[in-house]
Amino acid sequence: MRKRIIAGNWKMHKTAEEAKQFTEEVLTKLPESEKVEAIVCPPALYLENLVEMAKDSNLSIAAQTMHEAKEGAFTGEVSPAMLVSIGVKHVVLGHSERREYYNETNESVNAKTKAAFENGLTPIVCVGETLEERESDATVKIVSDQVTKAFSDVSAENAKQAVIAYEPIWAIGTGKTATAEDANEVCGAIRNTVENLYGADVANAVRIQYGGSVNPKNIEELLSMEHIDGALVGGASLEPASFLQLVEAGANA
Ligand SMILES: O=C(CO)COP(=O)(O)O
């Protein structure tokens, strides 16, 4: 049984004080369960503080993005080694907002995925189709292609540790969730792609999250699906109570 993984992607939300209050509250109420991994992805500015607050707890703190280079003249960027140096263990890569607004491509997501593994970071690799692509029945092709390219030259040993987040772009922040069946179908196609690339052993180990308007009301149904191992959550992860409900659902799924 794959361990469930619930990650809250705050995107560009919260002041330092709000981030601290959220984390304090979540740490006092987080369920102690071996069945679920709980992750918060704050803005980079708060990573170090939150890692410190969450040490010795079962809450992990992840970065929302990173540059693939070790170091260099990349104003505004953060490197994998920098994340590792403050105790970060996971990084979200290739989020559709990064692809749309910051020119990330399948090629750069591949470079970042490889850099994450080289530095001992677990990548949460995001894939997903636009509404237009869904309406033209291209979803499985687009998503399989994104996965195949992201994992190009990644070893099976590393791929086994990866997390893949399926986030249909039309469902992000819109209140429109894919039906649990549709989400499961695409997550199943992603697992198939991983199987074609690496074999059944890796495909059975890889954890696949669904993301896109996940909330405490729809999480249980999503997690009841065969290929959905967790959720990557934006809006509904911003309040401690709602984030905790999502983690509880993961613990009880
Ligand atoms: O993009 C997302 C998480 O990375 C999803 O955002 P929402 O949960 O706000 O739709």
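In each ligand, atom 1 is the first atom listed, and ligand 1 is the first ligand listed.
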Under 4.0 Å from ligand 1 - residues by heavy atom, chain and number: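 Residues near ligand 1: N9, K11, H95, E167, A171, I172, G173, G212, S213, L232, V233, G234, G235.
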
Is [X] salt-bridged to [Y], going by a charged N under 4.0 Å from an acidic O?
{"X": "R99", "Y": "E104", "value": "no"}
{"X": "D145", "Y": "K149", "value": "yes"}
{"X": "E25", "Y": "K29", "value": "yes"}
{"X": "E37", "Y": "K3", "value": "no"}

Quiz prompt | Verify same cluster id: F151, V109 (apolar side-chain graph, 4.5 Å) | solution =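 Linked within one cluster.
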
**Request:** Tell me whether L238 is reachable from I172 by hopping between hydrophobic residues (I, L, V, M, F, W, Y) whose side-chain heavy atoms are closer than 4.5 Å.
**Result:**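 No: no chain of side-chain contacts under 4.5 Å links I172 to L238.
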
